[in-house]
Amino acid sequence: MTPDRPGDRPAVKAPMPAGHPGGRLDGRLVGLGVCGSIAAYKAVELVRLLRAEGAEVVVMLTPAAAQFVGPLTFAALSGHAVETDVLGLLPDQRIGHIVVADAADAIVVAPATARWLGAMANGIASDTVVAACLATAAPVVFAPAMDGDMWTHPATQSNVGRLERDFGYRMVPPQIGSLASGQSGIGRLAELPLIVDALVAAVEGRPVRQPDAAARPPRTPAVRDADLEGSHVVVSAGGTAEPIDPVRFIGNRSTGRMGVAIAEAALARGARVTIVAGRVEVALPAGARVVHAESTAAMRNAVIGAVIDQPADALVMAAAVADFRPRAAATTKLTRDGSLTLDLEPTEDILAETAALARALDPAVRPILVAFAAETGSLERAPDKLRRKGADLLVANDVSEPGSGFGTDTNRVSILAADGSREDLPLLTKREVADRLLDRVAAAMDERDALAHTGGTTTEAHR
Ligand code: CTP
């Protein structure tokens with residue numbers, strides 16, 4: 001039995017969500033341009049409101065804005081690196097403001113200063129906010145904030161007119177109230193909900209411009225608690241290979257990317273990780289114990305050894321396992337004389353067998369079991385597969401969908417639980433999918449540990 005549970009793992013703290021599903025900007029990417037006005041501090045709250053509506057937000061600061069509010073504040077709240085430099089490159093060498101321009105569903109400039117209005121009206125790309133607006137085909141919303149006399153100056157008014165009339169930008173006009181100068185007048189930044197409403201109206205009826213997470217600006221990995229510390233997580237990764245003869249095998253297209261992403265995420269969250277590796281095309285993380293197991297029979301022994309004998313707190317069966325294998329592999333290389341008929345027999349169902357063994361364990365030490373189901377066309381078989389496998393969670397995806405198949409860095413999955421619930425995740429990087437899945441695994445472990453103390457039965461795991 002593991003020496004370090006139950007109750008040794010720290011309590012799970014909810015990580016910052018990517019955006020709140022069900023909001024009016026669900027799945028949208030918003031570029032938020034902030035200019036150098038005292039009202040820049042209100043843009044911090046605007047990030048929070050946009051995220052609460054479900055948007056992913058990338059902040060762009062003019063140099064003056066960065067003097068009012070530092071990029072760190074915006075980076076922490078948005079989960080994205082902040083664009084401050086018109087010449088700035090992303091870690092993968094793409095040009096930051098161009099990626100925002102190409103992927104954003106809308107750009108909102110709030111507060112927009114008199115200087116910025118002048119630069120924008122004349123197409124002077126001296127800062128990253130103007131540059132992104134020039135480069136985008138997405139709608140632009142701007143909310144001016146400045147001193148009252150600056151606002152009423154004909155230069156400012158003519159620039160605003162140009163933006164609205166010639167560029168089709170939508171303005172959220174400034175309001176009357178007390179200004180930074182101590183005077184009262186027109187020039188206060190509009191109330192933030194009005195800016196959010198204008199943005200919602202600007203994108204309404206338009207499809208999401210860039211649903212592919214890999215083509216969007218990269219999210220900074222959320223800093224997560226070591227919520228798997230003290231636990232042992234076993235992940236199977238890659239595809240199995242069933243020998244036909246000494247040189248040929250029956251294999252599949254799995255590359256191991258998803259399993260490796262889960263192993264890396266589990267390591268980052270403090271777990272001890274065993275990878276049971278079939279054929280993989282990606283590097284395996286250094287911190288994990290690796291057991292190589294190419295055939296289904298070898299993988300079965302390795303999984304049962306790691307999960308039941310060791311034992312483990314969780315098994316994530318991300319490997320693509322063969323359902324059939326040649327009844328007898330030829331001992332010498334088959335030649336091309338005549339035709340060839342392969343006599344196939346079913347392989348052992350590793351997950352179902354592990355689930356049966358796990359059911360015999362004390363509920364306090366039962367591993368959380370996660371199945372994967374790569375389907376084509378529809379996920380309607382997924383609930384039945386979850387029951388058939390005896391798993392607690394099943395991660396289903398449609399591999400025929402763009403960005404969701406083998407060999408990609410992204411995946412769109414649904415997580416089904418044994419209690420009948422289903423969570424549909426947006427297109428995410430495989431690392432983000434891994435962390436969202438491990439959130440569920442950690443919660444299920446906590447539930448198991450808590451119920452082990454009280455002697456009840458779990459709801460995630462109807463066993
Ligand atoms: N799996 C397993 N042993 C097998 C086949 C699959 O442990 N012999 C695991 C996979 O790793 C995956 C889950 O079971 O986590 C579902 O795999 P899938 O191939 O989708 O399911 P099958 O049982 O093969 O069902 P079907 O062929 O009807 O889709």
Side-chain angles (χ1 to χ4, degrees), residues 233-243 249-263 266 274-280 291-308 312 314-327 344-359 367-401 404-406 411-418 422 430 433-434 437-438 440-441 444 461 463:
V233 175
V234 178
V235 184
S236 70
T240 54
E242 303 301 335
F249 60 83
I250 298 176
N252 59 65
R253 292 183 194 281
S254 174
T255 60
R257 276 188 175 76
M258 191 65 241
V260 166
I262 293 163
T274 300
I275 300 179
V276 179
R279 293 177 63 82
V280 292
V291 183
H292 290 282
E294 282 212 345
S295 68
T296 303
M299 190 172 275
R300 175 217 169 260
N301 292 342
V303 166
I304 289 178
V307 178
I308 304 296
L315 166 66
V316 183
M317 275 300 289
V321 184
D323 290 330
F324 293 95
R325 67 175 151 236
R327 198 172 292 281
L344 302 179
E345 65 177 9
T347 56
E348 41 285 274
D349 190 325
I350 303 171
L351 190 51
E353 194 177 339
T354 309
L357 292 168
R359 271 193 291 275
I368 308 304
L369 301 179
V370 182
F372 266 72
E375 305 287 339
T376 46
S378 119
L379 303 184
E380 65 187 15
R381 298 171 64 237
D384 180 54
K385 193 172 282 188
L386 172 64
R387 267 188 303 277
R388 192 157 45 80
K389 298 278 172 183
D392 301 292
L393 298 167
L394 180 135
V395 183
N397 68 333
D398 178 354
V399 288
S400 59
E401 241 193 62
S404 271
F406 299 110
N411 213 349
R412 185 196 299 278
V413 305
S414 299
I415 302 178
L416 287 77
R422 169 176 167 161
K430 285 188 172 168
V433 171
L437 172 63
L438 290 177
R440 301 287 299 265
V441 170
R463 288 188 259 226

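Order of appearance sets the numbers: ligands from 1, and atoms from 1 within every ligand.
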Which bit of [X] gets closer than 4.0 Å to ligand 1, counting heavy atoms only: side chain, backbone, both or neither?
| X | result |
| --- | --- |
| T347 | side chain |
| A322 | backbone |
| D323 | side chain |

Is the shortest distance from a heavy atom of [X] to ligand 1 less than 4.0 Å?
| X | answer |
| --- | --- |
| E348 | yes |
| R300 | no |
| M299 | no |

[X] to ligand 1: N or O pair under 3.5 Å?
| X | value |
| --- | --- |
| A318 | no |
| A374 | no |
| E375 | no |

Worksheet entry | Atom pair CG (L416) and CG (L379), whose distance is rounded to the nearest 0.5 Å | 8.0 Å
Discussion item. Distance under 4.0 Å to a non-hydrogen atom of K385: what atoms of ligand 1 satisfy this?
Written reply: 16 (C), 18 (P), 20 (O), 21 (O), 25 (O), 26 (P), 29 (O)
Mind listing the side-chain donor-acceptor pairs of residues 349-357 below 3.5 Å, one per line with the distance, residues two or more places apart or on another chain?
| from | atom 1 | to | atom 2 | distance (Å) |
| --- | --- | --- | --- | --- |
| D349 | OD1 | L351 | N | 3.3 |
| D349 | OD1 | A352 | N | 3.1 |
| D349 | OD1 | K389 | NZ | 3.2 |
| D349 | OD2 | K389 | NZ | 2.7 |
| E353 | OE1 | R300 | NE | 3.1 |
| E353 | OE2 | R300 | NE | 2.9 |
| E353 | OE2 | R300 | NH2 | 2.6 |
| T354 | OG1 | I350 | O | 2.7 |

Solution key, residues 369-376 side-chain donor-acceptor pairs under 3.5 Å, sequence neighbours excluded:
| from | atom 1 | to | atom 2 | distance (Å) |
| --- | --- | --- | --- | --- |
| E375 | OE1 | R381 | NH1 | 2.9 |
| E375 | OE2 | K385 | NZ | 2.8 |

Discussion item. Assess the residue pair V316 and L437 against the criterion (side-chain contact (heavy atoms from CB on, under 4.5 Å)); give the C-alpha distance rounded to whole Å, side-chain angles, the decisive distance to 0.1 Å, and a yes or no.
Written reply: CA-CA 10 Å; V316 183; L437 172 63; 4.1 Å; yes
